[in-house]
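Whatever order the structure lists ligands and atoms in, that order sets their numbers, starting from 1. Computed from a prediction, not measured in an experiment: that's the story for all the values here. Counting from 1, the numbers follow the sequence of the chain as shown.
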Amino acid sequence: MTTLESKDVAVGIIGMGEMGKMYAERLSRGGCKRINVCDLPAKFDSLVEYCKDKEGVVAMQDGHLVSRESDFIIYSVEAEYLDGVVKQYGPSTKMGAIVSGQTSVKAPERAAFEKYLPADVHIISIHSLHGPTVAPDGQALILIQHRATDEKMRLVEQVLAPLKSRYVHLSYDEHDEVTANTQAVTHAAFLSMGTAWRCMKAFPWETGRYVGGIEVVKTNITLRIYAAKWHVYAGLAILNPTAKKQIHQYASSVSDLFKLMIEGREDELRTRVHAARDFVFGQNFSGESTPSSPTSSPRATPSSHASSILLSDKALDRFSIGSPSASEPPPPNSQLALLAMVDCWHALQIRPFVHLALAATPVFRFWIGVAEYLFRSNERLEAAIQAATRTVDHRSDDTEFLCAARGWSDCVTYGSFDAYKQRFEETRSFFEPRFEESRLQNTRMFKFLAEEPVKP
Ligand SMILES: NC(=O)C1=CN([C@@H]2O[C@H](COP(=O)(O)OP(=O)(O)OC[C@H]3O[C@@H](n4cnc5c(N)ncnc54)[C@H](OP(=O)(O)O)[C@@H]3O)[C@@H](O)[C@H]2O)C=CC1
Ligand SMILES: O=C(O)C(=O)Cc1ccc(O)cc1
């Protein structure tokens, strides 16, 4: 049998949604000679129209035809439907082909592949750690060599080279653990902020309370998530068993800290927040550090937090949306969402900077960046702790935030896609009139992040 060279590999894509299209376009522009694609048979005519001006991209009626004619087949469908789609088309896979999946959660993908694919095909899964509107260049692309020779692995690396992504080799289990720690719990925080603001019945940048600096990141990313497809977030949270645990801990951290806040237990709050800070950011994180807390983990070594993003207020202000009318500076924010995030990482012994170096999405990079902005300054952290226990400016928002975090956690724990969709769409409708404006600012803000080197 002759060895297939990457230039002769016929790629197949089943599911021509946003990610499928992004891959087809990149591979076509990169010189891939043949890319067989399909979506649902009912959308065949529009797919033919789409393929017209794409060199080498061939529309097919269904996944049977794609599977029979392709050497490297990528399933790029909703996580919830993957099992059924692989069941349907998997048995038609060409003998000796490599089968892959783009799904954001791998446990169900692995189960479906092992169950339905013929024994004579190879399995190498993939996952681009960015959304379809972010250029893949330099972004992490996870590769999972599950049932394949090293030679097939090299072939996949060559075929995907036009994406110019940074390859990260993981196992299926490692993938799901890392993405639960990075994506799922991060999304839970932003989804909860969005729900809370919707329940407050006001755009956050118009209340005078979420203006400038890291508040800009919070509002922009929240709107970015709600403008995207709900099934992507639902799938990676509901179908990843590790994610349930992380999201539940996040809600518990929000609840624990909120109770300390409203009961005015400032010292206890400070001790807990400092312990979390010391674990995540290390005890000697800056010249302004307070003495280490007795409860801090001995495992918090400087090497575990080697990289930082170091956002600055001024850099972020220019990405604001709306025209905040507040004539006075906003009242200090209790920063419950961020305090709880770092507390959650501490409770679960998660080292976010390890994930940052390994396999971070752009959204996660921003989220660590804002956490770091708050936690690496004693002055800012102390202002948040005092605002949390001594002022009531953010109490209503924080009350809604707690309800929202619990609500998202329950929804994920119960595993209800319908409830998830309904929750998501209620908040999506609230923010929708401002999506276009925030899309423009998000594009600029993410470009800024891409150009800003992670500082050693
Ligand atoms: N969007 C993102 O940011 C990222 C997504 N991913 C993952 O990639 C996968 C695809 O996501 P994305 O492209 O965003 O989602 P989309 O909804 O845009 O695309 C999925 C496509 O698959 C189609 N489809 C469903 N069933 C079949 C079938 N039986 N045969 C052929 N096509 C079918 C869908 O049709 P219909 O809409 O009619 O159901 C849709 O067009 C998901 O698993 C997601 O988790 C990974 C990285 C990033
Ligand atoms: O960066 C994020 O977390 C996003 O929201 C975009 C995203 C969504 C799903 C993925 O599987 C990968 C990236």
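Aromatic ring centres of F203 and F430 lie closer together than 6.0 Å.
Residues W205 and R434 have side chains in contact (heavy-atom distance under 4.5 Å, counting atoms from C-beta outward).
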Problem set entry | Pair V121-R147, side chain to side chain contact (heavy atoms under 4.5 Å, CB included): steps then yes or no | CA-CA 8 Å; V121 307; R147 195 175 82 192; 3.8 Å; yes
For this session: Determine, stepwise, if the pair H146 / F113 fulfils side chain to side chain contact (heavy atoms under 4.5 Å, CB included).
Result: CA-CA 10 Å; H146 179 60; F113 285 172; over 6 Å; no
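Applying the side chain to side chain donor-acceptor pair (under 3.5 Å) criterion to N181, with sequence neighbours excluded, gives Q246, H355. The side chain to side chain donor-acceptor pair (under 3.5 Å) check on D397 picks up R209, Y210, with sequence neighbours excluded.
Checking W367, Y250, F366 one by one against T186, the side-chain contact (heavy atoms from CB on, under 4.5 Å) holds for a single residue, W367.
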Is there any protein N/O under 3.5 Å from an N/O of ligand 1, and what does the full list of such pairs look like?
from, atom 1, to, atom 2, distance (Å)
ligand 1, 6 (N), S104, OG, 3.4
ligand 1, 13 (O), E18, N, 3.2
ligand 1, 13 (O), M19, N, 2.8
ligand 1, 15 (O), H231, NE2, 3.3
ligand 1, 17 (O), K229, NZ, 3.4
ligand 1, 17 (O), H231, NE2, 2.8
ligand 1, 18 (O), E18, N, 2.9
ligand 1, 18 (O), K229, NZ, 2.6
ligand 1, 35 (O), D39, OD1, 3.3
ligand 1, 35 (O), K43, NZ, 3.0
ligand 1, 38 (O), K43, NZ, 3.1
ligand 1, 39 (O), E78, OE2, 2.7
ligand 1, 41 (O), D39, OD1, 3.3
ligand 1, 41 (O), D39, OD2, 2.7
ligand 1, 41 (O), K43, NZ, 3.1
ligand 1, 43 (O), V77, O, 2.6
ligand 1, 45 (O), S104, N, 3.4
ligand 1, 45 (O), S104, OG, 2.6

Contacts table for ligand 2: protein N or O within a distance under 3.5 Å of ligand N or O, distances only.
from, atom 1, to, atom 2, distance (Å)
ligand 2, 1 (O), T361, OG1, 3.1
ligand 2, 3 (O), H187, NE2, 2.7
ligand 2, 3 (O), T361, OG1, 3.4
ligand 2, 5 (O), H187, NE2, 3.2
ligand 2, 5 (O), Y233, OH, 3.2
ligand 2, 11 (O), S104, OG, 2.6
ligand 2, 11 (O), H127, NE2, 2.5

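At a threshold of 4.0 Å, the pair R154-E151 does not count as salt-bridged, since none of the basic side-chain nitrogens sits closer than that to a carboxylate oxygen.
Taking the six-membered ring for Trp and thresholds of 30 and 60 degrees, F364 and W345 have ring planes more than 60 degrees apart, a perpendicular arrangement.
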